[in-house]
Amino acid sequence: MANNKHEHLKNLTRGIFIENPLFVMILGTCPALAVTKSLEAALGMSILFMITLIGSNVVISLLKKLIPEAIKIPCYIVIIASFVTVIKMLCEAFLPELYSTLGVFISLIVVNCIVLGRAEAFANQNTVFDSFLDAIGMSLGYGLALVIMALIREILGTGGITMGNILTFIPYFSFVPLASYKLQFFQMPAGAFLVLGLILCVIAFYQNRKHEHQVVKERLIKQEQALLAAQNENKAPNVEVK
Amino acid sequence: MKKENLKLYLKTTFTLCIMAGVSAGVVGLVNYFTAPTIATNSILREQNACKDIYSSATSFNEEYNTETENKYDFKYVEKAWRALNGESDFYGLVFRCSGKNIYGGISLIIGYNKDYSVEKVEVVENTESFATTVNHYIKTTYNGETSVKFDDKVQLMLHVVLLMAQNLLDQCYSRQEVEQKK
């Protein structure tokens with residue numbers, strides 16, 4: 001039971017940090033570069049992505065035994081495309097500002113590697129509940145990555161944060177204290193590449209440092225063990241003499 | 001053909017048919033419920049864009065609509081309205097123009113003054129992948145504050161639309177003159 005709980009928790013948290021789709025697996029970079037101009041657009045994309053991934057993962061996991069091996073990829077594409085089309089229509093009807101801001105990138109969720117990747121690698125082989133947890137974890141991880149990128153780009157590019165323009169259900173507020181110091185470069189595609197590159201650099205730096213610490217720690221343990229062994233060898237005859 | 005193979009082909013075909021059928025049904029059902037709201041949103045967007053262009057206009061009388069008539073046979077112009085202040089003060093024409101290519105579609109609302117100059121251009125829909133750049137360019141170039149210059153960057157569609165708009169405006173003027181003479 002405890003093992004099961006641990007497994008479920010692992011499925012949920014794996015996508016957020018250890019296997020973050022954008023920062024670790026470098027998947028879904030195209031929308032990540034395009035929609036992170038503003039925090040609101042990034043949040044909107046994260047919500048739509050989460051609904052698609054949860055829906056497709058759950059349905060694929062439910063139907064995994066019914067879909068023949070030879071046609072599983074076309075079937076997955078049909079399921080994912082249906083979810084995306086439905087979400088696109090709902091978004092156009094009830095969140096028109098978000099629809100016009102994200103534009104073609106809503107339709108492009110169909111070809112997002114993360115969605116098809118999770119369907120093939122996880123939902124196809126696991127239970128509905130585990131697939132659901134995996135979808136939540138992965139979409140939270142992707143959303144977190146988008147939000148971090150958007151936060152950096154919007155603050156540097158506009159000098160602050162504005163909310164309520166795109167996600168109209170959020171009350172409007174604008175906090176732009178650094179408007180006169182804004183660097184519009186960060187609102188452009190090149191700025192997105194730079195921000196993503198710098199974030200990946202920071203992550204790589206910490207991962208390398210962690211790895212180096214691990215190596216040093218292992219070496220120290222080995223040295224300590226060797227020292228102890230040597231001391232024991234030196235002590236043993238002494239003991240015998242005594 | 002072996003019986004096992006036939007069974008496999010039948011199962012595969014059946015599964016694909018069911019998948020496609022269910023997906024089409026779900027998409028159709030959602031479309032049935034959302035289509036009226038989407039149409040209303042589109043009209044609202046049009047109206048807001050018209051008001052943004054001629055903020056002092058009190059009414060926008062429909063001049064032309066491809067859905068109801070096709071007398072001009074223009075390629076990109078879908079609708080046109082007369083921007084009026086009161087009953088007689090005529091500011092110019094507002095056009096809804098749409099075009100499509102392999103990258104997606106774009107719909108513009110163009111305010112065209114009676115002196116043949118562009119008042120302002122608003123983007124109501126742009127499904128191209130580089131939409132943000134195009135929208136930003138149109139918004140900053142045709143913002144009603146700077147004088148409009150046509151250079152290489154201006155989209156071909158806009159050129160064609162403006163030529164047609166001029167033609168339509170001329171026809172409006174000639175009709176007005178005829179009406180006045182009457």
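Letters A, B, ... mirror the listed sequences (proteins, then strands); counts begin at 1.
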Problem set entry | B:Tyr32 OH: over 12 foreign heavy atoms closer than 6.0 Å | no
Problem set entry | Verdict with supporting geometry, B:Ser23 and A:Ile79, side chain to side chain contact (heavy atoms under 4.5 Å, CB included) | CA-CA 7 Å; B:Ser23 294; A:Ile79 293 166; 5.7 Å; no
For this session: Can you establish whether the number of heavy atoms outside B:Glu62 located under 6.0 Å from its atom CD is more than 12?
Result: yes
Exercise. Has A:Phe173 got more than 12 heavy atoms of other residues, nucleotides or ligands less than 6.0 Å from its CZ?
Worked result: yes
Exercise. What's the shortest heavy-atom distance between A:Cys75 and B:Leu16, and which atoms?
Worked result: SG-CD2, 4.1 Å
For this session: Would you mind checking which part of A:Phe105 comes under 4.5 Å of any heavy atom in chain B, side chain (CB onward), backbone (N, CA, C, O), both or neither?
Result: side chain
Exercise. Is it the case that more than 12 heavy atoms not belonging to A:Phe193 sit under 6.0 Å from its CZ atom?
Worked result: no
Seminar exercise, completed: Under 4.5 Å to a heavy atom of chain A? For B:Asn41 that would be side chain
Exercise. Side-chain contact, heavy-atom cut-off 4.5 Å: B:Met19 with A:Ile71?
Worked result: no
Exercise. For the candidates A:Pro96, A:Pro74, A:Gly103, A:Cys30, which exhibits the highest count of non-hydrogen atom pairs separated by less than 4.5 Å from chain B?
Worked result: A:Pro96
Exercise. Do other residues, nucleotides or ligands put more than 12 heavy atoms under 6.0 Å from A:Phe132 CZ?
Worked result: no
Problem set entry | Which atoms of A:Leu102 approach chain B - backbone, side chain, both or neither, heavy atom under 4.5 Å | neither
Exercise. Has A:Lys88 got more than 12 heavy atoms of other residues, nucleotides or ligands less than 6.0 Å from its NZ?
Worked result: no
Seminar exercise, completed: Rounding to 0.5 Å, atoms CE (A:Met89) and OG1 (B:Thr37) come to a distance of 12.0 Å
Exercise. Which atom pair, heavy atoms only, marks the closest approach of B:Thr15 to A:Leu66?
Worked result: CG2-O, 4.1 Å
Problem set entry | Beyond-backbone contact of B:Thr34 with A:Leu90, side-chain heavy atoms, under 4.5 angstrom | yes
Exercise. Any side-chain heavy atom of A:Ser82 within less than 4.5 Å of one from B:Val26?
Worked result: no
